[in-house]
Each structure stands twice: as structure tokens, then as C-alpha cells.
Protein chains: 2
Amino acid sequence: MQATVFSPHDHTHCVSSAISNAQNLCVERGVRLTPVRQRVLELVWRSHQPIGAYELLAGLVKEGFNSAPPTVYRALEFLCTQGLLHKLEGINAYVGCCNPDTPHQGHFLLCKDCHQAQELDSQYISLAIKLSADQHGFEIKRHTIEIVGICQACLDKPKKLESKL
Amino acid sequence: MQATVFSPHDHTHCVSSAISNAQNLCVERGVRLTPVRQRVLELVWRSHQPIGAYELLAGLVKEGFNSAPPTVYRALEFLCTQGLLHKLEGINAYVGCCNPDTPHQGHFLLCKDCHQAQELDSQYISLAIKLSADQHGFEIKRHTIEIVGICQACLDKPKKLESKL
DNA sequence: TGACAAATTGTTATATTATAACCTACTATG
DNA sequence: CATAGTAGGTTATAATATAACAATTTGTCA
Ligand SMILES: [Zn+2]
Ligand SMILES: [Zn+2]
Ligand SMILES: [Zn+2]
Ligand SMILES: [Zn+2]
């Protein structure tokens with residue numbers, strides 16, 4: 001059992017290191033982490049759980065950025081392309097990537113109780129998918145792996161009403 | 001290499017057997033495969049590729065059914081709950097389930113060229129996911145596994161423009 | 001520097017996907 | 001038939017996402 005996003009931790013540290021890591025990466029890659037883009041990245045990380053485009057947009061507006069949807073969708077597209085964010089298709093929400101240095105598609109555990117998303121990088125899952133695809137002569141471009149359930153921390157808590165995530 | 005949805009086949013047979021199978025299942029389960037529900041199921045199967053809610057709605061309208069969104073969304077919810085359809089979250093589209101007798105979540109290969117969806121039932125993938133979840137003390141409720149790429153048949157065809165599926 | 005191309009952002013409008021709320025009609029059962 | 005439960009009709013609106021084009025900023029190099 002390892003430390004995860006589900007366990008308590010100093011999240012301001014996660015945020016600031018994600019940002020500075022992103023800044024370095026963008027410099028290395030010769031792409032621009034503009035103010036809107038950085039702000040969106042920061043808002044995603046700060047939320048500590050998957051967050052939707054329009055909620056991010058509301059955050060931008062509060063700080064004087066433009067309030068039209070394309071603003072945030074463009075930033076999200078850039079950040080996802082750079083591997084700094086992942087989109088969770090099942091809930092139309094975005095999470096920060098924990099390891100953006102090596103671009104990849106993530107595997108996610110989504111807790112339907114606390115709404116945290118834990119990114120995995122399981123070689124077993126990757127391999128199993130590769131094998132299945134090979135059996136069908138199928139060439140993989142990308143994949144979506146989203147596992148919904150209850151995290152350890154929530155299982156340990158006294159039971160309460162469940163949302164319908 | 002096995003026979004798949006990607007290979008040519010008599011699809012009218014797929015449709016009719018899916019429908020009669022669904023009818024039997026619903027009787028067994030004491031639930032009602034009403035005309036709208038059956039028609040939606042048929043439209044999904046007939047399309048021979050994942051199909052969206054509003055396209056289905058257009059199909060219903062042509063045949064004199066009600067034309068408001070709740071009509072089709074209710075039918076889709078019923079059919080998904082009964083395991084007769086699966087929703088592909090990555091593209092907001094629906095496909096018929098090939099084995100609705102034993103309810104399950106599917107694993108899908110989605111070809112971005114011919115837009116066919118092949119449902120898998122890989123024990124390797126299921127096991128790999130189970131192992132990853134167990135490592136984190138995570139209790140799985142459901143999952144979304146969608147693998148996007150190019151199918152064997154399309155790889156064999158002369159290369160042409162690719163959509164951005 | 002100043003001209004230009006490329007990238008980014010602003011702005012307006014609209015497309016696409018999905019649900020809420022409330023009412024009516026049908027169905028099964030005693 | 002009464003009546004409770006299920007399903008469908010209808011209207012409105014919420015939530016998510018993109019198209020199209022104009023304005024601005026940035027990088028490049030003559
Ligand atoms: Zn990641
Ligand atoms: Zn949890
Ligand atoms: Zn299935
Ligand atoms: Zn194909």
C-alpha cells in the first residue's frame with residue numbers, strides 16, 4: 001500500500017511543484033506556458049479533485065481573465081496535448097498528471113465517495129491491453145482506462161450516502 | 001486471430017438475433033422491452049457502429065415515435081442498465097452488447113478509421129485492473145476501458161486520410 | 001528597427017449532449 | 001374497477017464543446 005492522492009498530504013506543495021515542473025518542461029519543449037494556461041493548470045491542481053471546464057472558467061473570470069468558453073477549452077487542449085493534464089471522459093473533468101515528463105495515457109481510480117482521482121501507471125494493465133489489441137491485429141493510438149469505485153480511505157470511514165458518480 | 005465486427009459478415013443476422021435474445025432476457029427478468037426500447041436497441045444494432053443519442057432520436061422520429069430527447073435517453077438508460085447496450089464514454093455513443101446474459105462492463109477496441117467498435121472480454125485486462133485496484137485497497141464498482149486505434153482491416157487497406165476520432 | 005508570419009487570445013454565435021419537472025397514459029394485480 | 005407502479009409525452013433548460021473570424025502578441029530576420 002503506497003501513499004496516494006487519497007491519503008492526507010500538503011497539497012500546496014503538490015501544486016507549486018507541478019507548476020514549476022510544467023514551466024521547466026515547456027521551456028525545454030519550446031512551447032509557451034502563457035498566463036491563462038498556467039492559471040488553468042494551477043486551478044486544476046488546486047481543486048484536488050477532477051474539475052470541469054466551466055468550473056475552471058468561473059475561476060478564471062474571478063481573476064480577470066476572459067470569460068468565454070474557448071479560453072478555457074484552448075488552455076485545456078494545450079495542457080492535455082503537453083501531457084500536463086488528463087481528461088476523465090467518464091465525468092468530463094480534468095486532473096493534473098503526476099508524471100508529465102514522459103507523455104502517456106493514464107489509468108485512473110475514481111472514488112465515487114470522495115471524488116478523488118488516483119492516477120496509476122500499471123505495467124500489467126498496459127501489457128494486458130497490448131496483448132488484447134495484438135490478438136486482434138489492432139494498432140493502439142490511445143486509450144481511456146477509468147475505474148470507478150470506493151477508495152481505501154472511504155471504505156475505512158463509517159458508511160454514508162453515496163452519490164451516483 | 002478471430003472473427004470480429006471488423007470482418008465482413010451478415011449483419012442482419014446479428015440484429016435479429018440480438019433482438020430476440022433481448023426479448024427472452026427481458027421476459028426472464030420480468031422487465032418490459034417496450035416498443036420504443038426495442039426500436040432503440042434495433043437502431044443501435046443496425047447502425048453497425050457506435051451511434052449517438054440524437055442520431056437515434058432522428059431514427060425514432062422517422063418512424064413516428066416521439067421526438068423529444070427524454071424519449072431516447074430513457075430507452076438508452078434502460079438498455080444500458082439491462083446490459084443490452086454499452087455506452088462509449090470517449091465518443092458519447094452506444095453499441096450493442098454481444099453477451100448481455102451475464103452483465104458486465106465491456107472493453108472496447110475503437111477503430112478511428114472505419115469507426116467500428118469491437119467488444120472484448122479479456123480476462124487479462126480484468127485481472128490487471130483487479131490487481132491494481134487491490135494494491136490500493138480500492139473497491140471496483142465499474143470501469144471504462146476504451147482503446148482507440150486502427151483495426152486490422154483498416155491497416156490492410158491502402159492508407160488514406162484519418163479522422164480525429 | 002520595421003515588416004511579416006505564426007501563434008495566441010478575444011468575441012460572438014451556435015452545436016452537441018443530457019436532464020429537470022410535471023403531467024398523462026398504460027399495465028399489472030387483487 | 002380501483003389503484004399503485006411503471007413508462008411515456010411535453011416543455012424547458014442545463015451542461016459540455018466548437019466554429020468562425022477579428023484583434024493582438026510574439027518571434028524572426030531582412
Ligand atoms: Zn499522467
Ligand atoms: Zn474516496
Ligand atoms: Zn458487453
Ligand atoms: Zn477499421
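Below, read A as the first sequence line, B as the second, and so on, with proteins coming before strands; counting in each chain starts at 1.
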To the nearest angstrom, the CG-P distance between A:Leu76 and D:dA17 comes to 9 Å
Find the distance B:Gln82:CD to D:dT6:P and express it as a whole number of Å. 13 Å
In residues 39-60 of chain B, which residues come under 4.0 Å of DNA chain C by heavy atom? B:Tyr54
Euclidean distance, atom CG of residue B:Leu33 to atom C1' of D:dG8 [Å, nearest integer]: 15 Å
Listed by chain and number, what are the side chain to side chain donor-acceptor pair (under 3.5 Å) partners of A:Gln123, not counting sequence neighbours? none
A:Leu79 side chain reached by A:Gln82 side chain, heavy atoms, under 4.5 Å: no
Using the ring of each side chain (for Trp, its six-membered ring), is B:His86 parallel, tilted or perpendicular to B:Phe108, with breaks at 30° and 60°? perpendicular
Please tell me if A:Lys87 has a side-chain N or O lying less than 4.0 Å from either OP1 or OP2 of D:dT16. no
So which pairs with a foot in residues 118-132 of chain A pass salt bridge (Lys or Arg N to Asp or Glu O under 4.0 Å), sequence neighbours left out? A:Lys130-A:Asp134
Ring pair (Phe, Tyr, Trp, His ring centres under 6.0 Å) pairs, two or more places apart, involving residues 29-71 of chain B: B:His9-B:His48, B:His11-B:His48
Are OP1 or OP2 of C:dT16 and a side-chain N or O of B:Asn92 less than 4.0 angstrom apart? no
Using a cut-off of under 3.5 Å, enumerate the N/O to N/O pairs linking the protein to nucleotides 7-14 of chain C.
unit_1, atom_1, unit_2, atom_2, d
C:dT8, OP1, A:Arg37, NH1, 3.4
C:dT9, OP1, A:Thr34, OG1, 2.5
C:dG10, N7, A:Arg74, NH1, 2.8
C:dG10, O6, A:Arg74, NH2, 2.4

Quick one: B:Glu63 CD to D:dG8 C1', roughly how many Å, whole number? 17 Å
Quick test of your reading: applying salt bridge (Lys or Arg N to Asp or Glu O under 4.0 Å), list the pairs with at least one residue in residues 50-68 of chain A, sequence neighbours left out, ordered by first then second residue. A:Arg39-A:Glu63
Would you say the side-chain atoms of B:Gln152 and A:Glu139 include a donor-acceptor pair closer than 3.5 Å? no
B:Glu77 CD: over 12 foreign heavy atoms closer than 6.0 Å: no
B:Tyr73 atom OH is separated from D:dG9 atom P, nearest whole Å, by 17 Å
